[in-house]
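A quick write-up on the structure given underneath.
Residue numbering restarts at 1 for every chain, and letters A, B, ... go by the order of the sequence lines.
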There are 2 protein chains.
Amino acid sequence: MSEIKSDTGPNLPHPADDEIQLAKVLFALSDPGRLELVRQLQEAPLEAARCHLTDPEIPKSTKSHQMKVLREAGVIRNEPHGRGRLLSLRREALERRFPGLLEAVLGAL
Amino acid sequence: MSEIKSDTGPNLPHPADDEIQLAKVLFALSDPGRLELVRQLQEAPLEAARCHLTDPEIPKSTKSHQMKVLREAGVIRNEPHGRGRLLSLRREALERRFPGLLEAVLGAL
DNA sequence: CTCATGGTTCGAATATAGTTGAACTATCGG
DNA sequence: CCGATAGTTCAACTATATTCGAACCATGAG
């Protein structure tokens, strides 16, 4: 056991709060599959392996790609967690940057 | 002069209020150029010829295409007006369908 | 009617995005 | 250490979007 944060580990790059761009966020959310994933993170962070229940046939590489688009847009965080990954919504960052946006998107039918 | 609405005229198709889809709206707004156009319609409707798309060098066919994407998504209305077209934001429809969304997007820096 | 203005549409080229298998990496349990 | 699990990355392919010239169409002015 070690408390040292492994630099060599699978720590993926995330944009800083103030680097999050509106256009990229809107684009990331403009896909039904990605939007669905975001909805699943509404209540609480989720292990990647536990979401996307709707389509169990999707290859993991495809799923990984969708997570990447959301992560690079600054919509979700993707961190190591046990032998998998923990996905979470970047609520605070998005709210600070684009107040009301996430709520409006998630609130829609 | 005639009060008859010409059916043969350039009346373009618009989605009905309840046919407006979130994903398409978000996609339409995810382009900086289109977003800029939408911002110009914030205050009041505008003749298409009067809204300069940041780049004055943009060919009219390209500009027409951008208007089409926004129109088909249900973001703007595009109606005949004199020898040109009048563009307007579909505020009410968007507000009814996705409350707060437009405000959040336009309010962003 | 004719012309200039302001736009739409079409088609072809280009650019960007999505999909997927295979190879690779990290972690945990035994 | 080994195998299983979970996910990323890469490369090739397919699909969708964007761009823009050229042709076309409607309106208003003269």
Separation of [X] atom [atom1] from [N] atom [atom2], in whole Å?
{"X": "B:Met67", "N": "D:dA17", "atom1": "CE", "atom2": "C1'", "value": "17 Å"}
{"X": "A:Lys24", "N": "C:dT16", "atom1": "NZ", "atom2": "C1'", "value": "13 Å"}
{"X": "B:Arg83", "N": "C:dC3", "atom1": "CZ", "atom2": "P", "value": "17 Å"}
{"X": "A:Ile58", "N": "C:dG21", "atom1": "CD1", "atom2": "C1'", "value": "16 Å"}
{"X": "B:Phe27", "N": "D:dA17", "atom1": "CZ", "atom2": "P", "value": "5 Å"}
{"X": "B:Leu87", "N": "C:dG7", "atom1": "CG", "atom2": "P", "value": "8 Å"}
{"X": "B:Glu72", "N": "C:dT8", "atom1": "CD", "atom2": "C1'", "value": "12 Å"}
{"X": "A:Lys60", "N": "D:dA4", "atom1": "NZ", "atom2": "P", "value": "13 Å"}

Just so I know, are the side chains of B:Pro13 and B:Arg71 near enough to count as touching, which here means a heavy-atom distance under 4.5 Å?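 Yes, at least one pair of side-chain atoms sits under 4.5 Å.
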Does the side chain of B:Leu94 come within less than 4.5 Å of B:Leu101's, by heavy atoms?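 A side-chain contact is absent here, since even the closest heavy-atom pair is not under 4.5 Å.
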Hey, which of these two, B:Ala48 or A:Val69, hits DNA chain C nearer its 5' end, going by closest nucleotide?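 The residue closer to the strand's 5' end, by nearest nucleotide, is B:Ala48.
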Heavy atoms from other residues, nucleotides or ligands near CD of A:Glu103 exceed 12 (cutoff 6.0 Å):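 At most 12 heavy atoms, drawn from other residues, nucleotides or ligands, come within 6.0 Å of this atom.
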Counting neighbours of NZ on A:Lys24 that are heavy atoms of other residues, nucleotides or ligands and sit closer than 6.0 Å, is the number greater than 12?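 Atom NZ in A:Lys24 is not crowded, with 12 or fewer foreign heavy atoms closer than 6.0 Å.
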Relative to the 5' end of DNA chain D, which residue comes earlier, B:Asp31 or A:Ser64, by the nucleotide with the nearest heavy atom?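 The residue closer to the strand's 5' end, by nearest nucleotide, is A:Ser64.
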For A:Arg34, report the nucleic acid contact type (base, sugar-phosphate, nothing); a contact means any heavy atom under 4.0 Å.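 Sugar-phosphate, backbone atoms only, no base.
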Output the single nucleotide from D:dC20, C:dT8, D:dA6 whose closest atom is nearest the side chain of B:Ser61.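 Minimum distance to the B:Ser61 side chain belongs to D:dC20.
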Any [X] side-chain N or O less than 4.0 Å from OP1/OP2 of [N]:
{"X": "B:Gln66", "N": "D:dT19", "result": "yes"}
{"X": "A:Asn78", "N": "D:dT8", "result": "yes"}
{"X": "A:Thr62", "N": "C:dT20", "result": "yes"}

Determine whether B:Arg90 and B:Glu19 satisfy the following criterion, salt bridge (Lys or Arg N to Asp or Glu O under 4.0 Å), listing intermediate values before the conclusion. CA-CA 13 Å; B:Arg90 292 184 64 176; B:Glu19 287 170 353; over 6 Å; no
